[in-house]
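Okay, structure first, notes after.
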Amino acid sequence: MKTVRVCQNRTCKKQGAVKVLAAFEEHPVSEVTVISSSCLGQCGNGPMVLILPENVWYSNVHPSEVQKVIEQHLLGGCIVKQMLYRRFHSQVKS
């Protein structure tokens with residue numbers, strides 16, 4: 001089962017993480033759990049979204065981009081390369 005963690009700590013909240021979490025919750029996906037997360041330790045790069053168990057990190061996620069993550073990653077099995085957090089995924093080419 002996949003888990004989508006959306007950081008809801010102070011900095012990510014200021015950057016719109018509440019709306020990102022709401023966008024994921026508005027479009028539930030079978031076999032995927034969406035949870036509010038405490039700080040993911042990447043302050044200033046958010047809103048941060050972490051997808052487990054693949055350990056895929058997305059940064060600066062906007063509510064309007066959530067549908068793309070759902071369709072391409074959660075349903076399609078393909079990471080959304082242009083949204084990846086480069087600090088952890090620098091080897092992936094866009």
Side-chain angles (χ1 to χ4, degrees):
M1 165 119 44
K2 291 185 195 293
T3 301
V4 176
R5 295 180 64 190
V6 182
C7 181
Q8 295 297 300
N9 208 39
R10 189 175 323 144
T11 305
C12 281
K13 272 186 157 178
K14 286 181 185 174
Q15 295 172 316
V18 172
K19 290 181 180 179
V20 172
L21 177 62
F24 274 107
E25 292 174 338
E26 287 171 15
H27 301 95
V29 176
S30 177
E31 303 295 316
V32 175
T33 302
V34 175
I35 60 171
S36 168
S37 176
S38 57
C39 185
L40 294 172
Q42 304 306 313
C43 299
N45 295 293
M48 296 300 298
V49 173
L50 171 59
I51 300 184
L52 300 170
E54 298 106 317
N55 209 31
V56 173
W57 292 74
Y58 293 114
S59 62
N60 298 306
V61 179
H62 298 277
S64 61
E65 298 172 313
V66 168
Q67 194 62 36
K68 184 184 295 186
V69 173
I70 291 170
E71 290 174 5
Q72 290 184 25
H73 188 145
L74 300 178
L75 296 173
C78 297
I79 60 173
V80 185
K81 293 179 182 176
Q82 66 271 26
M83 292 176 61
L84 286 174
Y85 183 37
R86 295 292 168 206
R87 181 171 180 189
F88 296 149
H89 299 291
S90 60
Q91 75 283 2
V92 177
K93 303 289 183 222
S94 298

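When a residue number appears, it is its place in the shown sequence, counting from 1.
- To the nearest 0.5 Å, the span separating NZ on K19 from CD on E26 amounts to 11.0 Å.
- Separating the NE2 atom in H89 from the CE atom in M83 is a distance of 11.5 Å, to the nearest 0.5 Å.
- Here the straight-line distance linking atom CD of E71 with atom SG of C78 works out to 12.5 Å at 0.5 Å rounding.
- Interatomic distance, Q67 CD to Q72 CD, rounded to the nearest 0.5 Å: 10.5 Å.
- Rounding to the nearest 0.5 Å places NE2 of H62 at 9.0 Å from CD of Q15.
- In terms of heavy-atom proximity, K2 sits nearest to P53 at CA-CD, 4.1 Å.
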Begin with the C-alpha distance, continue with both residues' side-chain angles, and end with the deciding distance and a verdict on side chain to side chain contact (heavy atoms under 4.5 Å, CB included) for E65 and Y58. CA-CA 11 Å; E65 298 172 313; Y58 293 114; over 6 Å; no

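- Closest of all the heavy-atom pairs between T11 and G44 is CG2-N, 3.6 Å.
- By the 4.5 Å heavy-atom criterion applied to side chains, I51 and L74 are counted as neighbours.
- Alongside Y85, the hydrophobic cluster contains L40, M48, L50, L52, W57, F88 (criterion: ILVMFWY side chains under 4.5 Å).
- Here the closest heavy-atom approach between residue G46 and residue N60 is recorded as O-OD1, 3.1 Å.
- V61 and L75 fall within the same hydrophobic cluster, defined by Ile, Leu, Val, Met, Phe, Trp and Tyr side-chain heavy atoms under 4.5 Å apart, directly or through other members.
- Taking 4.5 Å as the limit, every side-chain heavy atom of V49 sits out of range of all side-chain heavy atoms of V69.
- The distance from the SG atom of C39 to the CG atom of N9 is 4.5 Å, given to the nearest 0.5 Å.
- No continuous path of hydrophobic side-chain contacts links V66 to V18 [ILVMFWY only; heavy atoms under 4.5 Å].
- Smallest separation of non-hydrogen atoms from R87 and Q42: NH1-OE1, 2.9 Å.
- Shortest non-hydrogen contact noted between S36 and L21 is CB-CD2, 3.8 Å.
- Residues P47 and G16 approach most closely at CG-C, 3.8 Å, considering heavy atoms.
- Residues V20 and P63 have side chains in contact (heavy-atom distance under 4.5 Å, counting atoms from C-beta outward).
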